Each structure stands twice: as C-alpha cells, then as structure tokens.
Asks: 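The structure's right below; bear with me while I get my questions together.
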Amino acid sequence: MPTVGVLALQGDFREHLNVLTGLGCDTRSVRTIQELDQVEALIIPGGESTTIGKFVVRFGLLEPLRTRIENGMPAYGTCAGMIFMAAAVTEGHQPLLGSLDVVVERNAFGRQNDSFEADLDIAGFDRPFPGVFIRAPWVTKAGAGVDVLATIEGHPVMVRQGRILASSFHPELTNDDRIHRMFIESI
Amino acid sequence: MERGTDRVKRGLAEMLKGGVIMDVVTADQARIAEEAGAVAVMALERVPADIRKAGGVARMADPAKVEEIQQAVTIPVMAKCRIGHFAEARVLAALGVDYIDESEVLTPADNEHHIDKWAFTTPFVCGARNLGEALRRIGEGAAMIRTKGEAGTGNVVEAVTHMRSVTNELRRLTQLGEEQLMSAARDLGAPYELVRELHQTGRLPVVNFAAGGIATPADAALMMALGVDGVFVGSGIFKSSDPPGYARAIVEATTFWNDPEVVAKVSRGLGEAMPGLEIDKIPPAEKLAERGW
C-alpha cells in the first residue's frame, strides 16, 4: 500500500487519515517540507481555505507543493482542498496552488443554512454516493483537460485532471470509502 | 436534498478544527481576524471583558452589526443569543449566521430551559463545565461544544478545569460495566442513550473547543494539548496591545501547539496581553460560567 499524506494544518484531516488507515495505507500528517517528501500522494482536507492557504504560504509549503503536484504526485482535495488547488476563485484574493485548471466559486450554495446532503451520481460508480455539502463551492469554469465526474443542478462538484481529483463535498464525513479507494488505486 | 441534518451541522464544526474563532465587534476587526487566519468570527456588540465592565443586561447584537460583519469577511460568522432566548436565536437564524452560540456571556433569558436546538436548521454551539452539561446540551441538539471557562478574565484556569473535568469523566465512563451506565446517566444528569454511545466510543459525538480566558499563544497551545479541537478567543485579541500580532500568533500556536519552538517564536516580543482577573476576586454573582445548568 502507498504512503499517503494529509495536509494537516487545519480542518478535518483526522477524518481523512482514519479513512486511509482503514484502507490499509501508510499515512502521514503533512505540516512540513520534510513530511511532504515522505509521501507518494496527498489529500488536502476540508477546512477554511483562507486559513489553509495562509499557513501554506507562511510555512513555506506553497512552492514545494506546487512542484510536487506538477511533477505528477497524485492529489485529492475536498471542499477547501478543491478551492486551494484551483487556478482562480470568482471573488476575493487568497493564496491558491493553481494546479487544477478550474475557476471555483466559494460558498456557491450559500451560507451554512444552505448546507445539505444529497445522493450523487458519480461517473463510473454503480450506485449513488452520499454527498455532504458544507458551505460548499462549485466549479464555474473548467479547462479542456478537466473531466467533470459529478454535478448538482448542472454545476460541477467533482472533477479530475490527470492525477488530480477534487470534490466540493466530504466523503471523509461518511462511511462510504469508494472515492478514497478510487484515489488510492490511481497512485 | 436535505438541509440542517446532524451531519452538516456537526460537519461545519469539523471543518473549523485546529483553528481559532475570534470575537469581533466591527467590520475592521473581522477583517483583521480573517487576515490573521481565523477560521470564523463571533459577531458581538461588546467583547466579554467590556460586558463584564458595563454590567446590566447583555443581549444579542444589533442585526445591523451582524450584517456589517457578514459583509466584511468570507469565513463563517457566528453570533450569540441569550440562554433560552429562542426568539433571539430565530432572528440570528433569519440573518443567516453560520453558527449560533447560546451563551452564558449574555444575560440568561430563561432560568430553567435552554433552547430546543433540534428545531433549527442553523447549528448551535454551547458552553459546558463538565461532561454532564455537555451531554445535556448535545441532547438538546447542540452540534458543537466549548468549555465555558470564565469569559473576559484573560485567565485560563477555568477553561483548564472544565476541559480536564470532561476528559476525566469520559475516561471513567469507558471503564464502567454496562449495568452501571444508567446510574452514571443519573449522576451526570445526562441522556442515557448518549452515555451508552460515549461508553462505546470514548469521545464526544461533536467537536469540542476551548473558550473563556484564553489570552496568549501558550494558553492556546495548553488547551490544544489538553485535547480540545480548537480555540475561541474572546477579549484576548482586541484587548491586547497588538491585536493583529496576537491574532496571528494565537492562530499559529493553535496549529503548532505541539512544537514549542514555534510557540516560542510567535510569542516573542508580542507586547502586553489583555489585563487579567483572578477568579476568586470575582463576586459569585458575576461569574458567567455559573449561568445555565
């Protein structure tokens, strides 16, 4: 099994680590460049994307992360992780990796009162996936190399570009590990 | 599509873990908090230290204040209502705040009852001094718990006491036999089903933050080391001599609580922390943690 890291600066990194451990992966919490060097793939968890972005910059992880992903390290971002990997956000300024060729709208469904659960059809899955959307973003523009794997009311909420996977929902908060498994199989 | 489920209410708190939630009273303060890396802000009319000083009845903030702060930042905005004051809570829900704090820092509106939080789509956070109190609030529908501590004092001792109490009682619960759980529920004054659940899992079913008296980066690191999931800082930031500096330092110490070199680095030359209060110098009637049950 591969060594998979979870960026552990802020957010629900523990939930991702638990899923990965359950699937038999060797896991690492990643907070430093040294820890990043030890992993074959990386999950960027849910959390506050502005907070995670600021930490990545302050602790010198922005360029190393960008370079690793450019050089083919598989990466999966959930919610804040999806935003952080994007090329641009529709509003405001915040540090972004720019590895994933999409424009993302933050809090696209609204505030917390509009957070919701919905069963989701995902390309390649034979039954619906329990989608947990919390102040979730969606993709407003996707580049030519980006495959849309799932949508809600026409808005892309899960995408893949080569070895980069991103979802605006939180599989780590459910008991369904199919997306994590799909990610691990791509390593 | 289902809104307001347990999973999305508790889930937002999961996203705030490892972060700092800061009390703010203006849009400018909210921007300073966001810039420093806060994961959320608590929109207030006055910080607890000023509420303590002002005396009188402390109420929900003016909706104009809440909206001003909502417009200033993209991170979640929380706001406080009085214990038991479900009409204030409905107003905050209508304003679209992301979390409602049913808070002992404001003057209680009901001496017997807390709000039925299941009735809301908006999630609630509530304070607790011990496990029984935490489970009563969760039983009423709270989706997040925080220690009460003693707000507005800049003194962390009560938050430490409350967190240690929750941890000790949790540990004890996991050691009990099945046949002891009903009397444990009676002694804790907690719902039996939750007591059974904790007996199995050994942990609270919701996120638990520290609050009440956190004033320095080392205070935040201490609370994280005691096992909280994140930190509320009330008066500690905007009553210090350097709010942007304190805000950023406390955020970094919360993430790197287990790395004393980082905590040392961010604490260096920070300037004066907020003025502190000794707990036993506070008249019993002015102790905020005693409000609610």
Side-chain angles (χ1 to χ4, degrees), chain A residues 7-16 29 31-32 45-59 78-81 83 89-95 106-107 109-120 130-137 152-153 169-170 172-175, chain B residues 1-21 31 33-41 70 73-78 92-100 120-124 143 203 207 229-230 247-248 251-252 254-259 262 265-266:
Chain A
L7 190 65
L9 296 169
Q10 192 274 317
D12 72 336
F13 49 85
R14 205 190 307 146
E15 282 59 34
H16 278 291
S29 296
R31 292 189 182 84
T32 63
E48 270 308 307
S49 63
T50 54
T51 305
I52 293 172
K54 286 189 169 97
F55 268 115
V56 165
V57 171
R58 276 182 213 167
F59 291 93
T78 56
C79 196
I83 298 168
V89 288
T90 53
E91 265 183 83
H93 298 281
Q94 62 186 94
R106 291 180 58 202
N107 305 332
F109 295 93
R111 295 181 182 278
Q112 173 63 14
N113 285 344
D114 301 305
S115 293
F116 63 96
E117 292 186 59
D119 282 341
L120 207 59
V132 181
F133 294 81
I134 298 171
R135 286 169 47 93
I152 289 234
E153 290 165 358
F169 52 95
H170 297 280
E172 75 279 12
L173 294 184
T174 72
N175 298 319
Chain B
M1 217 187 245
E2 209 185 339
R3 294 192 172 81
T5 60
D6 274 9
R7 207 175 249 167
V8 300
K9 287 160 122 181
R10 294 175 179 186
L12 177 56
E14 300 285 348
M15 300 310 139
L16 304 175
K17 283 189 302 192
V20 180
I21 301 167
R31 280 188 281 264
E34 186 175 48
E35 189 48 45
V39 290
V41 291
Q70 283 174 320
V73 292
T74 60
I75 55 178
V77 175
M78 304 185 169
L92 296 175
L95 294 172
V97 304
D98 296 293
Y99 243 94
I100 299 170
F120 288 77
T121 300
T122 312
F124 280 74
R203 52 184 297 260
V207 164
D229 294 310
R248 184 170 161 155
V251 165
E252 290 179 11
T254 301
T255 293
F256 290 91
W257 59 272
N258 207 16
D259 187 340
V262 174
K265 187 176 136 229
V266 303

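To find a chain, count down the sequence lines: A is the first, B the second, and so on, and within it residues start at 1. Owing to the predicted nature of the structure, the values given are computational and were not obtained by experimental measurement.
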Asks: So which of B:Gly4, B:Pro76, B:Ala40 has the biggest tally of heavy-atom pairs under 4.5 Å with chain A?
Replies: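 Ranked by contacts with chain A, first place is B:Pro76.
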Asks: Work out which heavy atom in B:Phe256 is nearest to a heavy atom in A:Leu9; give both atom names and the distance.
Replies: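 What the structure gives for the nearest pair is CZ-CD2, 4.1 Å.
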Asks: Can you tell me how far the CG atom of B:Asp98 sits from the CG atom of A:Asn107, to the nearest 0.5 Å?
Replies: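 Here the rounded value is 7.5 Å.
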Asks: For A:Ile52, is it the side chain, the backbone, both or neither that has a heavy atom under 4.5 Å from a heavy atom of chain B?
Replies: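 Neither part; nothing is under 4.5 Å.
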Asks: At a 4.5 Å cut-off on heavy atoms, which part of B:Tyr99 comes close to chain A: side chain, backbone, both, or neither?
Replies: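 Neither part; nothing is under 4.5 Å.
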Asks: Does any heavy atom of chain B fall under 4.5 Å from the side chain of A:Ser115, the backbone, both, or neither of them?
Replies: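 Both parts, backbone and side chain.
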Asks: Please state whether the side chain, the backbone, both or neither of A:Asn113 comes within less than 4.5 Å of a heavy atom of chain B.
Replies: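 Contact with chain B involves both backbone and side-chain atoms of A:Asn113.
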Asks: Quick one, A:Gln112 and B:Thr122 - any side-chain contact, counting heavy atoms below 4.5 Å?
Replies: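 Counting from C-beta outward, A:Gln112 and B:Thr122 never come under 4.5 Å.
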Asks: Given that the side chain runs from C-beta out, which part of A:Ser49 has a heavy atom under 4.5 Å from chain B: side chain, backbone, both or neither?
Replies: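 Contact with chain B: none, neither part.
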Asks: Hey, can you pull the donor-acceptor pairs under 3.5 Å for the side chains in residues 9-17 of chain B, sequence neighbours left out?
Replies:
| residue | atom | partner | partner atom | Å |
| --- | --- | --- | --- | --- |
| B:Lys9 | NZ | B:Phe120 | O | 2.7 |
| B:Glu14 | OE1 | B:Lys17 | NZ | 2.7 |
| B:Lys17 | NZ | A:Glu15 | OE1 | 2.8 |
| B:Lys17 | NZ | A:Glu15 | OE2 | 3.0 |

Asks: What distance separates B:Thr74 OG1 from A:Glu48 CD, expressed to the nearest 0.5 Å?
Replies: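 Reported value, rounded in 0.5 Å steps: 7.0 Å.
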Asks: If you take all heavy atoms of A:Arg31 and B:Thr255, which pair is closest and at what distance?
Replies: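 It is NE-O, 4.2 Å.
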Asks: Which atoms of A:Asp114 are under 4.5 Å from chain B, going by heavy atoms: the side chain, the backbone, both sets, or neither?
Replies: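 The answer is both parts of A:Asp114.
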Asks: Taking atom CD of B:Glu252 and atom CZ of A:Phe59, what is their separation to the nearest 0.5 Å?
Replies: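 That separation rounds to 4.0 Å.
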Asks: Only counting residues at least two apart or in another chain, list the ones meeting ring pair (Phe, Tyr, Trp, His ring centres under 6.0 Å) with A:Phe13.
Replies: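 By the ring pair (Phe, Tyr, Trp, His ring centres under 6.0 Å) rule, A:Phe13 matches no residue at all.
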Asks: Would you check if B:Asp229 and A:Arg14 make a side-chain contact, meaning some heavy-atom pair closer than 4.5 Å?
Replies: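 With C-beta onward as the side chain, the pair touches.
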Asks: Nearest heavy-atom pair of A:Phe55 and B:Val251: which atoms, and what distance?
Replies: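 Answer, listing the atom of A:Phe55 first, then B:Val251: CZ-CG1, 3.4 Å.
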Asks: Please classify the contact of A:Arg135 with chain B as side chain, backbone, both or neither, using a heavy-atom distance under 4.5 Å.
Replies: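 Looking at A:Arg135, just its side chain touches chain B.
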